Each structure stands twice: as C-alpha cells, then as structure tokens.
Amino acid sequence: MKIFNTLTRKKEEFIPLNPDEVKMYVCGPTVYNYFHIGNGRTFIIFDTIRRYLEYSGYNVKFVQNFTDIDDKMINKANEEGTTVKAIGDKYIDEYYKDADGLNIERATSNPRATEFVCDIVEFVKELIEKGYAYEVSGDVYFRTKRFEGYGKLVGQNLDDLQAGARINVDERKEDAMDFAIWKAQKPGEPAWESPWGAGRPGWHIECSCMVRKLLGDTIDIHAGGMDLAFPHHENEIAQSEALTGKTFAKYWIHGAFVNVDNKKMSKSLNNFFTVRDVLEEYDADVVRFLMLSAHYRIQLNYSKDLLDSAKASIERLYNAIGNLESLLEEVIKENMDADEKEYLLSLDSYREKYIEKMDDDFNTADAISTLFDLVKNTNSNITIGSSKELCNKALELIRELGMPLGILQKSTKVSLEDEIEGLIDQRQQARKDKDFALSDKIRDDLKERGIILEDTPQGVRWKKAD
Ligand code: AMP
Ligand code: ZN
C-alpha cells in the first residue's frame with residue numbers, strides 16, 4: 001500500500017510500526033457549532049482510510065479529538081450566556097448525530113482537550129525544563145529557533161516561513177515565529193491552575209499531548225484537512241519531537257478542501273452548508289459518494305448539481321443490488337456449474353483491481369469506477385438462468401467493495417409498513433390538494449393489494465383485509 005506523505009512530498013510504501021496495527025490520529029472539530037459539509041469531507045476521507053486499513057487486515061487505533069476550549073468556544077458561550085462546558089457538551093452530541101448520519105464509524109477514542117489539562121501542564125513544564133519553551137507573565141511560548149527541524153512538514157525553513165507569514169508583532173516574544181502553548185487567563189475566561197498562574201492550553205499543544213497519552217511517542221498516521229499542515233501540524237511536530245527526541249508521526253495525510261465558487265467553505269466566509277441540512281434531503285450514501293468520487297488530495301467544488309448526479313449514480317448501484325436480490329427469489333438453480341465458477345473468477349478480478357486502486361494512495365475515484373464496471377458486468381451476465389450461489393457471490397462482492405467506502409450497505413427492501421405509511425401520506429396530501437382522483441386511486445390500489453384504509457378521529461389507520 002502506498003500513501004502520499006506530506007512530510008516527504010512522495011508516495012511511500014506504508015510500513016506500520018507494528019505489523020498488524022495502525023495508530024492513527026485525526027484532528028477533530030472545534031465544537032462550537034454544527035459541522036459543515038467541508039468538515040464532513042475531511043471526516044469522511046479519514047473514516048474511509050481507516051475502514052480501508054481495517055479491510056486490509058490492520059487493527060486500527062483511531063483517535064480523533066474534540067477541541068473544546070479556544071477563543072471561538074469562549075465567544076459562543078458568551079453569546080449564548082452559558083458556559084464553555086455546556087457549549088462543548090451540546091455540540092459534541094450534535095457532532096455524533098451528524099457523524100452517525102454520514103455513516104462514520106465511531107473512533108476508538110474521542111478525547112476532549114479539557115480532560116487532558118493536567119497532562120498538558122506537565123508537557124509544557126517539561127518543554128520549559130528542556131529549554132524549548134519560556135514563560136512571559138503567565139503565557140508560555142515555544143522557542144521555534146531552538147527546534148532544528150522547524151518547517152520540515154511544509155518544506156520551508158524558519159526564514160522563509162517568517163517572510164511569508166502575517167504575524168502579529170508581540171514584543172514579549174523572543175521571536176516572531178514563537179507560538180503560545182499556554183495562555184494566561186483573561187477576565188471572564190475559564191482557566192485551570194498551573195505553575196504560571198491560571199490559564200488554558202494553546203490549541204497545538206492539546207494534540208501533541210493527547211497523541212502521546214493515548215497512542216504513544218511515535219504514531220503511524222497523523223491526519224487532518226490541508227489547512228492544518230501549517231502552522232498546526234508543524235507546531236505539533238516541534239512540540240512533540242522536542243519533548244521526546246523521537247519521530248512524532250511517520251505518515252502525514254492531508255485532505256483537500258471543499259470549496260464553494262472556488263473559495264474554501266468556511267464558517268467565517270458564511271458560504272457553508274451544514275451536514276444536518278444536507279442530510280435532510282440526501283442520504284449518507286449520496287454524500288459519501290460525492291466526497292469520494294474525487295481523489296482526497298483534489299479540491300472539490302460543492303454544488304447541488306453534483307449532489308444530484310451522485311444521487312443518480314448511487315441509485316444505479318443500488319438498482320443492481322436490488323436486481324440481484326429479486327433474482328435470488330426467482331432463480332431455480334441452487335449451485336454454480338463449471339461455467340459459472342469460471343465467470344466468478346473473472347468477477348474476483350474486480351476485487352483485485354479495486355484493491356490496486358485503493359492501495360495507490362486511496363484512489364477512491366478509480367475504485368468507484370471499478371465498482372461500476374463490476375455492476376455493469378453482473379447486470380448483463382447474471383440472469384434468471386443463473387444459480388442462487390452465483391447471485392449471492394456477486395451480491396456479496398458488491399457489498400464488500402462498498403464497505404470501505406461506507407456505501408451500499410443498506411437494505412433495498414422497503415418494509416411493507418414504510419411503504420403503506422408513505423402511500424397514506426401521499427393520499428392525505430392529495431386530499432389536501434383536492435386531487436380526489438389521485439387519493440381514490442391510492443385507496444383503490446391498496447384495496448387491490450388487500451389493504452383497507454379507515455378514517456378515524458386519530459387519523460388514517462390501515463389493516464389487512466380478512
Ligand atoms: P475545524 O472545526 O474548523 O477545526 O475543522 C475540522 C476539520 O475540518 C479540520 O481537519 C479542517 O482542516 C477541516 N476543514 C475545515 N474546512 C474545510 C473545508 N472547506 N473542506 C475540507 N475540510 C475542511
Ligand atoms: Zn491537531
């Protein structure tokens with residue numbers, strides 16, 4: 001398996017620290033709002049990578065944090081007249097609702113920054129002791145010049161970075177590139193005790209600390225959206241490697257943005273669509289299909305048209321599944337004959353091709369094309385004359401290849417109850433619209449199927465005719 005490593009700017013063979021295990025950390029959301037479809041893409045990408053690693057036989061320890069203390073959290077709490085803790089609790093709950101809605105697997109662990117403040121204080125203390133950090137009236141800064149490799153993730157040295165950066169000049173810092181790892185309390189802000197007085201952790205230090213506590217000094221994969229490479233991830237490397245003297249993460253993976261009219265989707269530009277709203281209209285398969293139909297390092301310009309075409313594509317795949325499921329109820333032959341066994345081998349070659357694509361830096365776009373080729377093939381070759389065994393194998397293969405992408409796992413069978421409830425709703429609407437022809441037709445069609453509708457004071461009820 002090959003992964004494009006931001007650190008080396010090359011596709012590299014993936015060799016985990018332990019042969020069967022992958023330690024993976026993804027920077028998670030700041031929990032002060034519902035997350036948008038841009039954040040959603042990042043979470044879907046890393047969920048897919050995690051699923052594919054699992055599909056490939058690795059046991060993945062997947063940690064994704066919640067940033068539950070920073071300026072945005074504090075501002076939101078002030079706006080709503082509540083505590084930072086209450087804002088965190090609320091939007092973590094909302095995160096899970098949307099992430100579950102997107103069929104994102106639960107992480108092995110979702111640590112909250114505020115649960116690790118004691119460990120962060122220890123981390124900062126040690127950095128000061130080692131000469132990598134210094135305190136100025138209650139704030140603690142990381143001494144970037146002291147860390148030799150600063151800039152290696154983005155491939156620039158300190159001077160280049162300084163020239164390109166828009167940094168607020170702060171007289172109290174030794175160097176403009178030094179960054180805060182501990183912030184002194186300002187009036188009205190939540191704070192924790194520390195050797196430097198009351199304060200709170202900076203953003204970068206929380207990840208360095210939680211990675212170390214939950215996964216160890218060196219991990220296999222560290223990931224996040226493209227915007228996190230600098231300064232966030234560069235600073236994480238500096239803090240962690242300064243402390244341990246060991247490599248922090250072997251592979252760095254960064255996902256590209258979702259844009260709107262070629263501008264990054266973001267809360268601050270107010271050009272965002274929440275996952276909550278999108279899921280009202282489209283289901284998880286459609287959103288995931290859209291996000292995975294482009295390679296993860298390519299930006300995606302979001303539009304409703306793209307979602308609609310993703311919907312049509314997903315329907316084609318589900319139709320193939322539905323056809324195979326219907327065939328299973330009709331075919332007579334039980335077991336495969338020699339020709340079918342041979343044909344099955346040719347179907348297995350789609351699995352190989354799919355794996356080849358996914359092994360090439362998680363090329364989901366090409367893996368999806370392979371899935372379509374497979375479906376085209378089964379549509380035209382598996383018929384009423386085929387055996388049950390072959391139908392089942394084809395069905396299993398399509399579902400199997402959908403699994404790492406987090407799609408094609410739903411049942412295609414709408415339950416009788418759901419279907420009838422849906423028709424009753426349609427009939428009610430028709431009556432409201434005074435379209436009595438349609439409402440009568442729905443009632444008559446149901447009657448023909450042995451379903452009787454009764455109007456009661458509590459609404460419409462249905463029962464099966466005796
Ligand atoms: P935030 O809550 O802003 O810290 O973002 C959480 C994650 O979503 C981070 O990994 C960001 O890099 C990522 N992210 C933010 N905006 C976008 C976007 N427009 N497209 C893709 N990923 C994004
Ligand atoms: Zn982070």
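Counting convention: from 1, in listed order, for ligands and their atoms alike. Computed from a predicted model, the values in this text were never measured in an experiment.
Ring orientation note: the planes of His204 and His232 are tilted relative to one another, at an angle of 30° to 60°. Ring-plane geometry between Trp252 and His233 is classed as tilted, the angle between the planes lying from 30 to 60 degrees on a 0 to 90 degree scale.
Not one N/O/S atom of Glu206, from backbone or side chain, sits under 2.8 Å from the Zn ion (ligand 2). Contact annotation: His204 places no N, O or S atom under 2.8 Å from the Zn ion (ligand 2). Using a cut-off of 2.8 Å, one finds that His233 contributes no N/O/S atom close to the Zn ion (ligand 2).
Nearest to atom 23 (C) of ligand 1 by heavy atom, out of Thr42, Leu269, Asp227, is Thr42. When the heavy atoms of Ile44, Thr30, Leu300 are ranked by distance to atom 2 (O) of ligand 1, first place goes to Thr30.
Checked against the 6.0 Å centroid criterion, the rings of Tyr95 and Phe66 qualify as a close aromatic pair. For His222 and Phe248, the ring centers are positioned less than 6.0 Å apart.
Summary of contacts: the protein heavy atom closest to atom 20 (N) of ligand 1 is Val258 N, 2.8 Å. For atom 15 (C) of ligand 1, the nearest non-hydrogen atom of the protein is Asn39 ND2, 3.1 Å.
In this structure, Ser266 does not count as a contact residue of ligand 1, since none of its heavy atoms falls inside 4.0 Å of the ligand. Contact analysis leaves Arg41 out of contact with ligand 1, as no non-hydrogen atom separation drops below 4.0 angstrom.
Stacking of Arg106 on the aromatic ring of Tyr96 is recorded, both the 6.0 Å distance cut-off and the 45° axial limit being met.
The closest side-chain donor-acceptor pair between Lys173 and Tyr134, if any, does not fall under 3.5 angstrom. Side chains of Asp285 and Tyr318: a donor-acceptor N/O pair is present below 3.5 angstrom, by distance only.
Between Gly225 and ligand 1, an N or O atom pair is found at a separation short of 3.5 Å.
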